[in-house]
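Every value quoted in this text rests on a predicted model; they were computed, and no experiment measured them. Sequence lines set the chain letters: A, B, ... in the order given, protein chains first and strands last, and positions in each chain run from 1.
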Number of protein chains: 2
Amino acid sequence: MNEKLQEYSIGQLSRLSDVKVPTIRYYEQIGLLEEPYRTEGGQRRYFSDALDRLRMIAHARALGFSIDAIREFIRLAGHPEAPCEDLDQITMHHLNDVTQRIQKLERLKAELQSMLKNCQHGTIEKCRILEVLSDHNHCQTEH
Amino acid sequence: MNEKLQEYSIGQLSRLSDVKVPTIRYYEQIGLLEEPYRTEGGQRRYFSDALDRLRMIAHARALGFSIDAIREFIRLAGHPEAPCEDLDQITMHHLNDVTQRIQKLERLKAELQSMLKNCQHGTIEKCRILEVLSDHNHCQTEH
DNA sequence: TATAATTGCTCTAGTCACTATAGGTTCAAG
DNA sequence: CTTGAACCTATAGTGACTAGAGCAATTATA
């Protein structure tokens with residue numbers, strides 16, 4: 001049996017995490033990922049803990065958290081005994097953000113649909129799309 | 001009666017359109033707004049047509065259209081004899097985009113809500129938020 | 001009319017979260 | 001030992017602005 005720790009090159013880490021190679025280097029540069037050890041030739045070599053963290057980062061990004069929020073997650077993960085209120089706060093804040101974005105987009109969707117409905121498929125002169133775009137008062141909703 | 005055309009400084013235009021001064025200059029720079037005439041001292045002076053266009057741009061931006069899409073609107077508006085199908089196409093494309101963005105955000109919202117629901121308000125160590133972040137398999141939906 | 005306050009000017013650099021490119025080096029397979 | 005893929009650094013580019021420095025012009029007040 002192999003007792004040695006599994007090592008990964010940056011390319012392997014990329015394939016395993018679905019994070020692009022330049023992005024991994026970028027995360028290292030901004031301090032999200034620890035600097036890994038290097039081979040004699042200067043190439044990065046990672047262990048599975050780096051993979052775990054990278055997956056966590058990728059997942060949080062996919063969930064829409066900002067880099068700063070992730071930085072905070074990582075910081076909090078280093079204090080397992082602390083209460084998780086801060087964690088809650090960040091998540092709640094993000095949820096509010098997402099909810100607002102959805103509302104905005106719903107309004108936009110309604111307006112786009114009405115734009116399409118109102119277009120008589122004639123020439124631009126008669127097309128209300130430009131009209132709607134030019135005149136905010138045509139809007140049914142605030143934005 | 002004042003027969004002279006109303007003139008606006010960039011600051012007045014900004015207040016009337018709710019577009020910030022540097023943004024107006026930026027729009028001019030990228031060719032969305034025509035270069036206005038200048039006073040002897042070199043300051044920009046606008047007429048109401050610029051205000052109309054700026055409002056149109058601001059409105060389209062608020063609706064989520066990209067600068068490129070707006071450029072396209074302006075181009076099409078300059079050819080009123082052309083069929084408005086192109087415009088329709090842009091709008092339709094945008095509508096699809098918005099619909100997809102909404103769907104994605106709805107999934108995200110559900111995920112965040114379940115994360116918060118599962119939080120036991122104890123310590124970070126036991127908090128499921130970090131757990132969920134670290135393990136994609138906790139997710140009910142794709143993202 | 002003098003001065004002060006405000007607004008304007010250009011130019012450059014910064015934001016976010018990457019992505020792309022150039023030009024060179026190291027590694028692993030055959 | 002050679003070849004070619006994968007790696008390295010450094011710089012610049014993306015979109016749509018935003019911020020700052022260091023001046024100049026305009027407008028309001030005394």
Side-chain angles (χ1 to χ4, degrees), chain A residues 4 6-33 35-46 50 53-54 56-74 93-94 97-98 101 104 108 143, chain B residues 6-33 35-46 50 53-54 56-74 90 94 97 101 104 108 143:
Chain A
K4 271 202 288 188
Q6 176 72 46
E7 269 184 11
Y8 308 103
S9 71
I10 198 168
Q12 291 171 315
L13 200 70
S14 168
R15 278 185 293 279
L16 290 167
S17 63
D18 254 316
V19 175
K20 287 178 190 145
V21 169
T23 305
I24 297 174
R25 286 197 278 249
Y26 169 73
Y27 285 160
E28 179 185 325
Q29 194 193 311
I30 62 169
L32 268 197
L33 276 180
E35 295 185 17
Y37 99 90
R38 304 276 188 133
T39 62
E40 301 224 331
Q43 298 195 353
R44 290 167 178 83
R45 288 296 179 270
Y46 299 92
R53 166 159 297 188
L54 191 50
M56 183 277 234
I57 293 171
H59 192 198
R61 288 293 299 135
L63 286 173
F65 288 98
S66 71
I67 296 284
D68 268 359
I70 295 171
R71 231 189 277 277
E72 187 67 3
F73 283 141
I74 290 170
H93 187 89
H94 186 50
D97 206 66
V98 168
R101 263 153 64 198
K104 267 191 185 171
L108 168 54
H143 49 241
Chain B
Q6 177 74 45
E7 269 184 11
Y8 308 103
S9 72
I10 198 168
Q12 290 172 315
L13 201 70
S14 168
R15 279 186 292 279
L16 290 167
S17 64
D18 254 312
V19 175
K20 286 176 190 148
V21 169
T23 307
I24 296 174
R25 286 197 277 250
Y26 169 72
Y27 286 160
E28 179 185 324
Q29 194 194 309
I30 62 170
L32 266 198
L33 275 179
E35 296 185 17
Y37 100 90
R38 304 279 189 130
T39 62
E40 302 224 329
Q43 299 197 354
R44 291 168 178 83
R45 288 297 179 272
Y46 299 91
R53 165 159 298 187
L54 190 52
M56 183 277 235
I57 294 170
H59 191 197
R61 288 291 302 135
L63 286 172
F65 289 98
S66 72
I67 296 285
D68 269 359
I70 295 170
R71 231 190 278 277
E72 188 73 1
F73 285 138
I74 291 171
I90 297 175
H94 200 70
D97 194 65
R101 264 153 66 196
K104 236 184 154 182
L108 183 54
H143 47 245

Between [options], which nucleotide gets closest to the side-chain atoms of [X]?
X: A/R61; options: C/dC18, C/dT19, D/dT26; answer: C/dC18
X: B/R44; options: D/dA16, C/dC9, C/dA17; answer: C/dC9
X: A/Q43; options: C/dT10, D/dT26, D/dC8; answer: D/dC8
X: B/I10; options: C/dC9, D/dC8, C/dA17; answer: C/dC9
X: A/T39; options: D/dT18, C/dT10, C/dC27; answer: C/dC27
X: A/S9; options: D/dT26, D/dC7, C/dT19; answer: D/dC7
X: A/R38; options: D/dT18, C/dT19, D/dC8; answer: D/dC8

I need the A/L13 CG to A/L16 CG distance, nearest 0.5 Å.
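Output value for this atom pair is 7.0 Å.
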Find out whether B/R44 and B/S9 are in side-chain contact, i.e. whether some heavy atom of one side chain is under 4.5 Å from a heavy atom of the other.
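No, too far: nothing below the 4.5 Å cut-off.
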Is any side-chain heavy atom of A/L54 closer than 4.5 Å to one of A/Y46?
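No, side chains not in contact.
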[X] has an atom [atom1]; how far is it from atom [atom2] of [N], in whole Å?
X: A/Q12; N: D/dA6; atom1: CD; atom2: P; answer: 11 Å
X: A/Q29; N: C/dA20; atom1: CD; atom2: P; answer: 17 Å
X: A/Y27; N: C/dC16; atom1: OH; atom2: P; answer: 14 Å
X: A/R45; N: C/dT26; atom1: CZ; atom2: P; answer: 13 Å
X: B/I57; N: D/dA16; atom1: CD1; atom2: P; answer: 13 Å
X: B/E28; N: D/dT18; atom1: CD; atom2: P; answer: 17 Å
X: A/E7; N: D/dC7; atom1: CD; atom2: P; answer: 13 Å
X: B/R25; N: C/dT7; atom1: CZ; atom2: C1'; answer: 10 Å

Between A/P22 and A/E40, name the one whose nearest nucleotide on DNA chain C is closer to the 5' end.
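Counting from the 5' end, the first nearest nucleotide belongs to A/P22.
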Which residue lies more 5' along DNA chain D, comparing B/G41 with B/D68 via nearest heavy atoms:
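Nearer the 5' end of the strand: B/D68.
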Output yes when at least one side-chain N/O atom of B/K20 is less than 4.0 Å from OP1 or OP2 of D/dT18, else no.
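Answer yes for this pair, as a side-chain N or O of B/K20 is under 4.0 Å from OP1 or OP2.
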Shortest non-hydrogen contact between B/I30 and B/R71, atoms and distance:
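Result for this residue pair: O-NH1, 2.7 Å.
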Give the intermediate values and the outcome of side-chain contact (heavy atoms from CB on, under 4.5 Å) for residues A/Y27 and A/R53.
CA-CA 11 Å; A/Y27 285 160; A/R53 166 159 297 188; over 6 Å; no
